[in-house]
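Report on one structure; see the data block that follows.
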2 protein chains.
Amino acid sequence: MSPVRVLLADDEHLIRGALAALLGLEDDLLVVAEAASGPEALAMARAHRPDVAVLDLQMPGADGVSVATALRAELPGIRTMIVTSHGRPGHLKRALAAGVRAFAPKTVSAQRLAELIRTVHAGGRYVDPELAADAISAGDSPLTAREAEVLELAGDGAPIAEIAERASLSQGTVRNYLSSAASKLGAENRHTAVRLARERGWV
Amino acid sequence: MSPVRVLLADDEHLIRGALAALLGLEDDLLVVAEAASGPEALAMARAHRPDVAVLDLQMPGADGVSVATALRAELPGIRTMIVTSHGRPGHLKRALAAGVRAFAPKTVSAQRLAELIRTVHAGGRYVDPELAADAISAGDSPLTAREAEVLELAGDGAPIAEIAERASLSQGTVRNYLSSAASKLGAENRHTAVRLARERGWV
DNA sequence: GATGCCCGATGACAAATGTCATCGGGGGCC
DNA sequence: GGCCCCCGATGACATTTGTCATCGGGCATC
């Protein structure tokens, strides 16, 4: 049986290299390409047509989920999986929506990762139980589209005036949205609301 | 010549294992212990007395710098180095103050890391040029001790009243400190001030 | 001993923000 | 059609926050 052709994408050279070396020890796995950024991962996928793409969540240029989305559209034959250090519920949700087949934290062992790659290649799926539990307990976002949008614009601490301008809304409207978003999240001001929404992956 | 005895501490099993495997390939390096948390790293250091401790910056329990500080006090014979994903200027400064001999991002290759371990073992020092440049350009914190403290308490978006209570200060005083801190940082409100200070590693 | 800086506080004022009621338009659903 | 929810807006009001001047105490430095 021919080996599973794997694409590794992670911006940390240290990890990527080490991983490539370890996975290379498995007889049935073959790392055919490596990438250090989102765009590079896409390019490598186009060039090498791997069976499975192992993507880090945070990469320069485009994050793992964006890459997965692009791959799904362009090269649906490639199965994607996400490996990440900080798994937030929203990421998992976004990832699954993007057709990612597996989602695991970097705390798994290389041995386990190799198994996951095989599972994914065989058409299986996997989600880290702990992350799944978090995602389920976080539930769905109670925020409306505009509330989320405004909340996101408020993310870097910008004043209302700036948010209003960037969202092309009146300041009053912005304040109303922020107020209702904060109340839905149980926050006492928009800044904690932003933090909570981020923790739950709703922005 | 006897090999360099190395302690590896990183909470991400995937990386730690991969790293251990790769470094193990080097004839002159010997990974004698691994740890997944700060306290565990300390325990392992006491038990195995490595020559060099390679510490991740962010670990549960105690971060790399704390571990380095503790090691310096308790086992000064162990040379420490920090490897990290997100190198912020303040971390570098704290690390050097803690007697860390090398500071590198995880974007280096395993080969390079092996070299660094040898360098550190030989008594040398190394700081990633880019991180060093950042640290230098970020300069010293213009914040006074209380300003920084209050700014940190403001970190999660807490209202003034809560900050005042937690800092045992009057609300007016808190507002004054936040105001002066924001003005020193060129921010238009405390929230962006917090963000800027964090980016520069001043909190 | 004067000077300067940090600490901690107060008062006053202006500006930003949060909250609420209310309005009109649009769309989905029973 | 009636109901509900979202969108976008306005006005009014209370609260929070930012800004500034000012004060006194402590501490270091020249």
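Here is how names work: the chains are called A, B, and so on, in the same order as the sequence lines, proteins then strands, and each is numbered from 1.
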Could you check whether any side-chain N or O of B/Asp56 sits under 3.5 Å from a backbone N or O of B/Met59, counting only pairs where one atom can act as donor and the other as acceptor? no

Any sub-3.5 Å donor-acceptor pair from A/Arg5's side-chain atoms to A/His48's backbone N or O? yes

Please say which of B/Asp51, B/Leu23, B/Leu113 ends up in a side chain to side chain contact (heavy atoms under 4.5 Å, CB included) with B/Leu29. B/Leu23

Do B/Asp63 and B/Ser66 pair up side chain to side chain, a donor and an acceptor below 3.5 Å, judged on atom types alone? yes

List the atom pairs, donor and acceptor, that lie under 3.5 Å between side-chain atoms in residues 30-45 of chain A and the rest of the protein, sequence neighbours left out.
from: A/Glu34; atom 1: OE1; to: A/Arg16; atom 2: NE; distance (Å): 3.2
from: A/Ser37; atom 1: OG; to: A/Glu40; atom 2: N; distance (Å): 3.2
from: A/Glu40; atom 1: OE1; to: A/Ala36; atom 2: N; distance (Å): 3.1

Length of the NE2-P vector between A/His191 and D/dT16, whole Å: 14 Å

In whole angstrom, what separates A/Gln171's CD from C/dA16's P? 8 Å

Please list residues of residues 158-165 of chain A whose heavy atoms come under 4.0 Å from any atom in DNA chain C, ordered by number; otherwise none. A/Pro159, A/Ile160

Listed once per pair and sorted, the ring-ring contact (aromatic ring centres under 6.0 Å, His included) pairs that draw on residues 148-195 of chain B, sequence neighbours left out: A/His191-B/His191

Determine to 10° how strongly the helix from C/dG1-D/dC30 to C/dC30-D/dG1 is bent, judged from the axes of its five-pair ends. 30°

Under 3.5 Å, which N/O atoms of the protein pair with N/O atoms of nucleotides 4-7 of chain C?
from: C/dC7; atom 1: OP1; to: B/Arg146; atom 2: N; distance (Å): 3.4
from: C/dC7; atom 1: OP2; to: B/Thr144; atom 2: OG1; distance (Å): 2.6

When you measure from the side chain of B/Arg195 to the backbone N and O of A/Asp156, does any donor-acceptor pair fall under 3.5 Å? yes

Counting only side-chain N and O atoms of B/Thr173, is one of them less than 4.0 Å from OP1 or OP2 of C/dG8? no

Between the side chains of B/Glu115 and B/Arg112, is the shortest nitrogen-to-carboxylate-oxygen separation below 4.0 Å, so that they form an ion pair? yes

Please answer whether the main-chain N or O of B/Gly123 pairs with a side-chain N or O of B/Arg101 as donor and acceptor at a distance below 3.5 Å. yes

Which of these passes side chain to side chain contact (heavy atoms under 4.5 Å, CB included) with B/Ile163: B/Gln171, B/Glu152, B/Arg190? B/Arg190

A side-chain contact here means heavy atoms from C-beta on lying under 4.5 Å apart; do B/Asp134 and B/Leu92 qualify? no

Scoring nucleotides 19-30 of chain D by protein non-hydrogen atoms under 4.0 Å (B base, S sugar-phosphate only, - none) yields BBB---------

Under 3.5 Å, side chain of B/Thr69 to main-chain N/O of B/Val65, donor-acceptor pair present? yes

For atom CD of A/Glu74, decide whether the heavy atoms of other residues, nucleotides or ligands shown that lie under 6.0 angstrom number more than 12. yes

